[in-house]
Amino acid sequence: MNTADFNLFTVSVLVAALTIVIAAVYTLIRTNNLIRVIIAVEVMMKAVTLLLILAGLVAGNMALIQSFIITIIVCEVAVAIVAAGIAVNCYRKNGSLNISALEKLKG
Amino acid sequence: MTGITLLILLVIMVLFLLLALTKKSLLKSAVALACASVMLTIILFILAAPWGAVFELSVCAGLITVVFISTISMTDAKSKREDYEERKLHNKKFAPLFFILAVVVAATAYFLSQQAGIVIQGNELGYDFKEVLWNTRQTDIVGQIVLVLAAVFGITVFFKEVD
Amino acid sequence: MNTVDMLVLYSFFVLPLAAVFVFNLLPRRVSDKIAVHFLTGLSLLVLISAVVECIQLLTKFDYVSFSLLWDMKAANASFFYLDLTSCVVIACTALSVLCAALVAKDSLRPEKKYSFVNLAVIIMLAINGMVMVTDLFSFYVFLEVAGICAFILVALNKDSQGLEGSFKYFLMSALATAFLLIGMAFIFMNTGSLYFVEIQAFLSKSYTANYFLFQLGLCFVLVGLCIKAGITPFHGWVPDAYQSAPASVSVLMGGIVTKACGIYALIRVFGFILPDFGFVTDILMIFALLAICFGAFTAMAQSNFKRILAYSSISQLGYIVLAVAVGTPLAIVGAVLHFVNHSLFKGSLFVNADAIERETGTLEITQLGGLGKQMPVTSISSVLSFLSAAGIPPLSGFWSKFLIILAAWLAGFKAAAAIALIASLVTIAYFLRLQKAVFFGKSREEFADIKESSVSNKAAAIVLSALTVAGSVLIPVVLSVLKANGLI
């Protein structure tokens, strides 16, 4: 790939990653649904993967970045499973997935 | 040619992710997330990262989608349509704000790539992935083993039917 | 390395891993019966080896590196690296797990003990791994493991409050993970590797505008670590997680988890180099001062025992972050010592909270009163911990706070030192209010027949208070050894 292609790629990856992070953080703040929170977290991890790909291309070391990406995917799966467990138990306790049903601790 | 392909793939991926965040039905959100994973897989393949692509496809587009769908099915059928989500995530009068935000994001990205001197070298160091993973990243592998153990105990604590 | 060395080193990592497998291979009836004793024994073993290794490292003054099953000497192979800071954190972890086990013996429901023991061993493994790695990415992996175990532990009783606290913790932790990884991507763009030594080497070169990405990455990493550590303005999850966790899990969280996850990386990577980095030091110092003041003032207004302890934790961690931001060797020694002291006094206070909750059934200080006569051990250990937290000489807390404030003053941050000193007075004020409301004053009729807490709870409280008092003598000895070696 020539330099012009790479510049286009860099700018587009940065725009995409920034957009995704802003959208995901906005969703995290505004949503009421427990499972949508987990989806927003997964979406943020996609943005992180994009930035890591860019970092790998800049440093020239795609092999190391692939190891990072694989390890991050494993961590992401484990976190998703545990968070889903919490959501399912919240549902069994309260009968709904609404976050405002949970707001009992104050201060 | 490759630059345009990558750009198109990135745009489609961002669209799928925005769909995943804003669709009312949780099932459709999970499926949109899987499609975005497929786009990311293709991007990884084009950029000469085949191992990452395979893992991304099989785990993110496969395993995580299964986790989401089984979670959604373990909770109420009604909640899949989010009847009680009163606050809408997107509101029509925010459109100009999003446009300004988009311009700011594009300007930041351009500034970062030019001023900060991001120069892409491609895969010029040419390390072999298998060597790098097994010979220099052993502590990561140990960490992943412990992670899987922890996730197993998480499953036994949370997903037992009734006690 | 001789045999004793190898034995001690393997006990940090291999022993807990083997213990998990052994514990799970036993038949379920046997495991259920011996669960807590197993955990107590294991953490005692790790604690003893950690203390032995600490003393050895203190006298010989070098570091140790080892690998588990692979060849360490091959080119670029990764290895586990142990020096004095790491060893101290491992000792604190083992001590916190020991006290959590003692508390769990009576206060945890019997069917939960099996999971609790497994998760506590894994969290000990994760924190041991966290402090022994040499690069930022492996640190992140073990951080995730510890985070997952913490989410599960906070929600262990599966009651409404525990699930809420756990979910909020998960939300903020996932955000922190994303920021940490984005920061690591930017750092990788400039430096090409994530090893701690290479990041530090990169920092000590005089930087030009070309290293803008590195500075940006550093900011993201710092924000991620501050969210994990619960520093203002990212402290939102701390009070809920500490209050709603089961009692033994609160001992673990307050004693080690928040600190090891966030603060240890700050000390390790940024500890010695921040004074060169103007604006990052300023940001960190502002966060630290905000945390100290906010934690102290909000704790004055709370009425739940555990919530007061949570806000007090935010304040004390602010002190440690202040020391890291100052960055001189004296400040770093003060930070590590305050780390240890916080484990001791906060662990002891949470043990007392469990005793009070089990005997009287409530944790609201407006409903308690006059328990001092009926629960003498709890009352005395609580008073000793609070004196240590407030920094009253000659207890151990005084030494670490004095070092931090002195280091800040000597390095030129006179306003920060003054604010930290004034916040110390506010610490005394809210702890005094807590003590008066719970332990002194006249007793109430409904508590007429409560007695002292169980043997294991008393043992945990006595051990921690004894260590607090012993620290007042041991810490000057340690300081003089460090001074003789020219470190401070």
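In what follows, chains are A, B, ... by sequence order, proteins preceding strands, each numbered from 1. No hydrogens, no waters, no symmetry mates; every other heavy atom, side chains included, goes into these values.
- Among the candidates B:I141, B:L133, B:V54, the residue making the largest number of heavy-atom pairs closer than 4.5 Å to chain A is B:L133.
- Among A:I70, A:I86, A:L50, the residue with the largest count of heavy-atom pairs under 4.5 Å with chain B is A:I70.
- Of the two parts of B:S70, neither the backbone nor the side chain holds a non-hydrogen atom closer than 4.5 Å to a non-hydrogen atom of chain A.
- Interface check for chain A: of the options B:M13, B:K130, B:E131, the most heavy-atom pairs under 4.5 Å are formed by B:M13.
- Ranking A:V82, A:V74, A:V13 against chain B, the residue ahead of the rest is A:V74, based on heavy-atom pairs under 4.5 Å.
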**OP:** Before giving the answer on side chain to side chain contact (heavy atoms under 4.5 Å, CB included), spell out for A:I35 and A:L97 the whole-Å C-alpha distance, their side-chain angles and the decisive distance to 0.1 Å.
**Re:** CA-CA 8 Å; A:I35 297 189; A:L97 282 175; 3.8 Å; yes
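- Each of A:V79, A:I38, A:T19, A:I69 has some count of heavy-atom pairs under 4.5 Å with chain B, and the biggest count is that of A:I38.
- The two residues B:A30 and B:T65 come nearest to each other via the heavy atoms O-CG2, 4.2 Å.
- Looking only at heavy-atom pairs under 4.5 Å with chain B, the residue among A:L18, A:I53, A:V43 that has the most is A:V43.
- Using modelled atom types, one side-chain atom of A:S12 and one backbone atom of A:F9 make a donor-acceptor pair closer than 3.5 Å.
- Residues B:I69 and B:L27 come closest through the heavy atom pair CG1-CD2, 4.0 Å.
- Contact count against chain A (heavy-atom pairs under 4.5 Å) is highest for B:L147 among B:L63, B:V11, B:L147.
- Residues B:D140 and A:S67 form no side-chain contact, since every pair of their non-hydrogen atoms from C-beta on lies 4.5 Å or further apart.
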**OP:** Please report the C-alpha distance between A:R36 and B:S29 in whole Å, then the side-chain angles of each, then the deciding distance to 0.1 Å, and finally whether the side-chain hydrogen bond (donor to acceptor under 3.5 Å, both in side chains) criterion is met.
**Re:** CA-CA 8 Å; A:R36 196 170 290 289; B:S29 288; 3.3 Å; yes
